[in-house]
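Notes to accompany the following structure.
Everything numeric here is computed off the predicted structure, so don't read it as measured data. Lettering of chains follows the sequences in order, A, B, ..., and the numbering in each one begins at 1.
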Amino acid sequence: MTEEISYDIQAIQEKWLPIWDELRPFASGNPDDSRPKKYVLDMFPYPSGDLHMGHAEAYALGDVISRYWVQKGFNVMHPIGWDSFGLPAENAAIKRGLDPKGWTYDNIAQQRSSMRRYACSFDWDRVLVTSDPIYYRWNQWLFLQFYKKGLAYRKNSNVNWCPSCQTVLANEQVVQGLCERCDSVVTKKALTQWYFKVTDYADRLLDDLDTLEGNWPSKVLQMQRNWIGRSQGADVEFLIEGRQEPVTVFTTRPDTLFGATFMVVAADSSLAAELAQKADSETKAAFDAYLEKVKQSNDIERLATDRPKTGVFLGAYAINPVNDERLPIWASDYVLADYGHGAIMAVPAHDQRDFDFAKAMNLPVRMVVDTGEGDPAVTGQPTTGDGVLTNSGELNGLHKGEAIARMIELLASRGKGKAAKNFRLRDWLISRQRYWGTPIPIIHCANCGEVPVPEDQLPIELPSAEGLDLAPKGKSPLGGATDWLNVPCPNCGAPAQRDSDTMDTFVDSSWYFLRYLSPNSTTEAFPVEAAKEWAPVDQYVGGVTHAILHLLYARFFTKVLHDLGFVDFEEPFTRLLNQGMVLMNGSAMSKSRGNLVKLSDQLDEHGVDAIRLTMAFAGPPEDDIDWADVSPAGSAKFLARAWRIAKDVTSAPGVNVVAGNAELRKATHTFLRDFAPSIESFKFNVGVAKIMELVNALRKAIDGSVGGADPAVREGAEVVAKALSLFAPYTAEEMWSMLGHEPGVALAGLQEADSSLLVESSTVAVIQVDGKLRDKLEVSLEISEDELRELALSSENTKRAIGDRQIANVIVRAPKLVNIATK
RNA sequence: GCCCCCAUAGCCCAAUGGCAGAGGCGGGCGACUUAAAAUCGCUACAGUGUGGGUUCGAGUCCCACUGGGGGCACCA
């Protein structure tokens, strides 16, 4: 009496985990390893709790890619770490009354254990945690390199301020005028803050996107281009009556200079304040009142596009450099202080905003480009398109493009202007007034000013949180750690203070992919020689949420490191895959929405493999997965079906497959031909479907006349086990073992298709009449066009379809198709 | 307002310009069973959002529209 064994995924999981721990199939650091190198990287998680469904998708897909290249015979580096500094840790710690450190490291331990259970193919010798001093020490070192190069600097300016988080935000962290983290309305505050000079790299960050075309999602490239936002135009100098220095304005339309009828300066700019200062007391009072109102308005109000134009006349005049006209100077909040020069020439006839302002303030509108749509002064519609210059002196008769070039020449020859470009991108504000981050390695000395901490004194470790008030109050909590704060100046020895701000956590993630090369090194940030071998990252996998911020900053760091001679490449991530989100019933999962699906529950219920398989099979990886639409139970059912195939194989390992059933062998080798391309083009769902197809064929063969003893059945079952190991490592390993092999199906390799098995002797030709299918004919592969044409025209079905119509044309694509077009 | 992406069966999704269906979910029928579950087998269901165009031939290319999603948004 034989006992029927059934598929028990939980037992299989328990069985293989310790064996894999021993086997370490994904270790990449052996110096004798002669396999070609490949670097596959998953975006590292934030340790905010245990892994969730989103992680499960991301790591399932990253694992398919990583395991695929291992199977292909590559030495794949697939490391993992934790992006463990940042506000959420701090806020959670404050809320629970815990040290952010304890909270963070508990979560890391939890996630690490979950990743092991989830069978992520990580190289556990390459692990980093950004809140470890051994890591953030190199943030500080990099900061000092940037500082030496003039790429890290401090300035006082109006910064984005989150009144709830009580910290400054980078432009990139302000979404629709709201704080990215807490959705509070962001306000402005004048503060002295540290910046990285990312604008120095704006051109390269934009232009080099072209080199990623085809390897990054076009959506991400577009978002990056959009964000950098380069505008080409000209800087034009205007003299100001009663002022020594001319004022420069940036314009993309120098061709319309003759149509300028006023000038506008940003209300919150120093120029506006200066001009108001010189004006009569009434004007000054009006300006002060206006400025007060502007300062009180927040980003939400500023961003409203249908907002009426407001402003005050400053009592001053600018002189148009091409016709010496006097242009009244106004202050308004529709001009931004930190873009261009904070001042514009207003051409209401050809700019909607200037037109709206002119209308509101009753200022003149003068058409200088005739677009054929009528005079804006009459129609009330500014015209922004191409046309012929008019009212523009020597530019008259030229088209827009010619006129722009001509005007730039003209201005340049008179020393009144030059071609110029501007970027939407601003410098990266990196200071944060929070505790849980990398301390900025600068000491402020009354005598010496800013003094960089000598490199041999790094790291500047965070003081213990004990006794510090971490609650946000607008000043860094580190300022309260007086023992830590007060140090002698490294230069002169006088009493001095450490900088008490910490770095934006995006600094941590801007170079971590290099740190994996030597995550525990105490002598260097990363090994320059090893970076030449492994980097850049061949395949990066992560969420589209990081399409702008993280990727832009990592690209910036890479270019700086390139210029400093540390790396020999300029782009960090050669290929990028953005996976979608996991939704539930159409929306993002959240506790408050009540649609949270717990990953651990899913794993308990269906098993790791079924969840991983479901993630891969749900659809194209970049699409969102609605968990309500997919069937982890179905995946589990399929895995059991695959498992039973292995159980039903009765031939011995190593049996000669050549004698096996030809039809089944053909199915197996067709699979081998088609599987790899679907994985390499990220069509994981299609790859899984093909495995299902092969399993179906095997089932049919075993239950039918072929039988489980046929060598072709073994061949097919082994191929299934190996292919399935990308998606369902436990089931695959169990199958591999049942098939009589030693553990390590992940390293077994997937053979190439035997093309001799795929040769067809005949094929089915499709006969169409006027594009519609009318007949199918079995024909030889070598059939000539003429033969096939004859066969098609003599077919009864074809004749019937043609009826009494006349044949106009016969298209023959031997041996596959004939299309008969009738009149 | 500007830019980008998407639309195939009840549902999730396949389909080098050449037979609309690979795979799955759900449904129906059958085999096995005393019965059920599990398993195995069979099966129905759309002419590809709408309207034009290019082509011998369009789900696929082009144009417009509708619907959905995303990015940017007073950036001169």
Side-chain angles (χ1 to χ4, degrees), chain A residues 4 6-7 175-177 217-227 229-231 233-234 236 249-253 256 264 266 302-307 309 332-336 338-347 350-354 356-357 422-426 544 547-548 580 613-614 617-620 622-626 628-635 637-638 640-641 644 674 678 683 685-696 699-700 702-704 764-776 807-813 816-822:
Chain A
E4 191 65 15
S6 66
Y7 176 74
V175 178
Q176 304 281 297
S218 50
K219 181 171 144 188
V220 174
L221 295 174
Q222 185 216 341
M223 283 162 75
Q224 294 252 325
R225 290 191 178 108
N226 226 330
W227 190 264
R230 182 165 58 198
S231 300
V236 184
V249 306
F250 174 73
T251 177
T252 53
R253 295 294 303 277
T256 62
V264 186
R302 273 188 75 108
L303 283 170
T305 44
D306 51 354
R307 193 160 162 255
K309 294 281 183 286
S332 174
D333 64 354
Y334 87 90
V335 171
L336 309 175
D338 59 352
Y339 183 78
H341 306 281
I344 62 153
M345 64 179 222
V347 184
H350 306 295
D351 182 280
Q352 183 70 50
R353 296 151 302 177
D354 296 346
D356 293 343
F357 192 82
N422 259 294
F423 296 91
R424 216 195 69 96
L425 182 71
R426 309 298 152 91
V544 74
I548 296 173
L613 186 72
T614 301
F617 184 55
E622 59 275 12
D623 287 6
D624 290 343
I625 299 173
D626 194 327
D629 288 339
V630 296
S631 170
S635 299
K637 207 171 98 181
F638 164 71
R641 188 169 154 88
R644 280 194 306 272
D674 297 340
S678 31
K683 294 175 176 175
N685 52 330
V686 178
V688 172
K690 290 189 186 307
I691 302 178
M692 291 173 167
E693 218 178 331
L694 182 55
V695 166
N696 290 345
R699 181 80 267 149
K700 202 171 226 168
I702 292 167
D703 291 349
V764 174
V766 173
I767 314 303
Q768 300 173 338
V769 176
D770 292 325
K772 293 200 171 59
L773 174 70
R774 295 303 180 197
D775 203 359
K776 293 180 185 183
I807 295 171
N809 194 7
V810 182
I811 314 301
V812 184
R813 296 279 179 274
K816 287 300 231 185
L817 176 132
V818 177
N819 188 15
I820 300 159
T822 65

Can you tabulate the close N/O pairs, meaning under 3.5 Å, that link protein atoms to atoms of nucleotides 57-63 of chain B?
unit_1: G57(B); atom_1: O4'; unit_2: N819(A); atom_2: ND2; d: 3.4

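- G10(B) is paired with C25(B) under the Watson-Crick or G-U wobble criterion, all donor-acceptor distances under 3.5 Å.
- Shown here, G49(B) is classed anti by the O4'-C1'-N9-C4 or O4'-C1'-N1-C2 angle, which is more than 90° from 0.
- G47(B): no Watson-Crick or G-U partner with both key distances under 3.5 Å is found in any strand.
- Closest of all the heavy-atom pairs between A547(A) and V220(A) is O-CG1, 3.8 Å.
- The separation of A22(B) from U55(B), taken at their C1' atoms, amounts to 28 Å, rounded to a whole angstrom.
- Base pairing of A76(B) is not made with any nucleotide, judged by Watson-Crick or G-U wobble geometry with both donor-acceptor distances under 3.5 Å.
- Using P as the reference atom, G41(B) and G24(B) are 10 Å apart when rounded to the nearest Å.
- For the pair L694(A) and K690(A), the minimum side-chain heavy-atom distance is 4.5 Å or more.
- With G23(B), C19(B), C56(B) as the choices, the nucleotide that has an atom nearest any side-chain atom of E693(A) turns out to be G23(B).
- For D351(A), the salt bridge (charged side-chain N to carboxylate O under 4.0 Å, His left out) partners are R353(A), not counting sequence neighbours.
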Sub-3.5 Å pairs of nitrogen or oxygen atoms, protein against nucleotides 8-12 of chain B:
unit_1: C12(B); atom_1: O2'; unit_2: A618(A); atom_2: O; d: 2.9

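- Scored by the side-chain hydrogen bond (donor to acceptor under 3.5 Å, both in side chains) test, R253(A) finds D255(A) as partners (sequence neighbours excluded).
- Of the C1' atoms belonging to C62(B) and C13(B), the separation is 27 Å, rounded to the nearest Å.
- Residue Y334(A) has no polar side-chain atom (N or O) positioned under 4.0 Å from OP1 or OP2 of A76(B).
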For nucleotides 37-42 of chain B, tabulate all protein N/O to nucleotide N/O atom pairs closer than 3.5 Å, reporting atom names and distance.
unit_1: U39(B); atom_1: O3'; unit_2: R644(A); atom_2: NH2; d: 2.9
unit_1: C40(B); atom_1: OP1; unit_2: R641(A); atom_2: NH1; d: 2.5
unit_1: C40(B); atom_1: OP1; unit_2: R644(A); atom_2: NH2; d: 3.1

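- Within residues 218-226 of chain A, the residues that have a heavy atom under 4.0 Å from RNA chain B are, in order of number, K219(A), Q222(A), M223(A), N226(A).
- Remark: the separation of the P atoms in C72(B) and U16(B) is 33 Å, to the nearest Å.
- Every residue two or more places apart in sequence or in another chain was checked for a salt bridge (charged side-chain N to carboxylate O under 4.0 Å, His left out) with R813(A), and none qualifies.
- Of the two residues near RNA chain B, A821(A) and T252(A), the one whose nearest nucleotide lies more 5' is A821(A).
- In terms of the salt bridge (charged side-chain N to carboxylate O under 4.0 Å, His left out) criterion, R641(A) has no residue partners (sequence neighbours excluded).
- If you take atom C1' in G67(B) and the same atom in G49(B), they sit 7 Å apart, rounded to whole Å.
- Nucleotide U54(B) has no partner under the Watson-Crick or G-U criteria, as no pair reaches both atom distances under 3.5 Å.
- Nearest to the side-chain atoms of K776(A) among the listed nucleotides C19(B), C72(B), A22(B) stands C19(B).
- The nucleotide whose nearest atom lies closest to any side-chain atom of M692(A) is, among C72(B), G23(B), A15(B), G23(B).
- Between the C1' atoms of A44(B) and G59(B), the separation comes to 23 Å (whole Å).
- Shown here are the side-chain hydrogen bond (donor to acceptor under 3.5 Å, both in side chains) partners of D703(A), two or more places apart in sequence or in another chain: R699(A).
- The C1' atoms of G26(B) and G1(B) are separated by 44 Å, rounded to the nearest whole Å.
- At the phosphate of G23(B), neither OP1 nor OP2 sits under 4.0 Å from any side-chain N or O atom of N685(A).
- Nucleotide A38(B): unpaired (no Watson-Crick or G-U wobble partner with both distances less than 3.5 Å).
- In this structure, the nucleotide among A76(B), G18(B), C74(B) sitting nearest to the side chain of I811(A) is G18(B).
- Q768(A) has its side chain out of reach of I811(A): every pair of non-hydrogen atoms, C-beta onward, lies at least 4.5 Å apart.
- In terms of the side chain to side chain contact (heavy atoms under 4.5 Å, CB included) criterion, residue partners of T614(A) (sequence neighbours excluded) are, by chain and number, W627(A), V630(A), P632(A), S635(A).
- Pairing of C32(B), defined by two Watson-Crick or G-U wobble distances under 3.5 Å, is not identified with any nucleotide.
- The distance between atom CG of D623(A) and atom C1' of A7(B), rounded to the nearest whole Å, is 12 Å.
- When the P atom is compared between G18(B) and G57(B), the two are found 14 Å apart, to the nearest whole Å.
- Not one N or O on the side chain of N422(A) forms a donor-acceptor pair closer than 3.5 Å with the backbone of S231(A).
- Using N1 to N3 plus N6-O4 or O6-N4 for Watson-Crick, or N1-O2 and O6-N3 for G-U wobble, each under 3.5 Å, U16(B) pairs with nothing.
- Nucleic acid contact for K690(A): none, since no nucleic acid atom lies under 4.0 Å from a heavy atom of the residue.
- Residues forming a side chain to side chain contact (heavy atoms under 4.5 Å, CB included) with I807(A) (at least two apart in sequence, or on another chain): L793(A), I802(A), V810(A), I820(A).
- Taking S631(A) as the reference, A633(A) meet the side chain to side chain contact (heavy atoms under 4.5 Å, CB included) condition, with sequence neighbours excluded.
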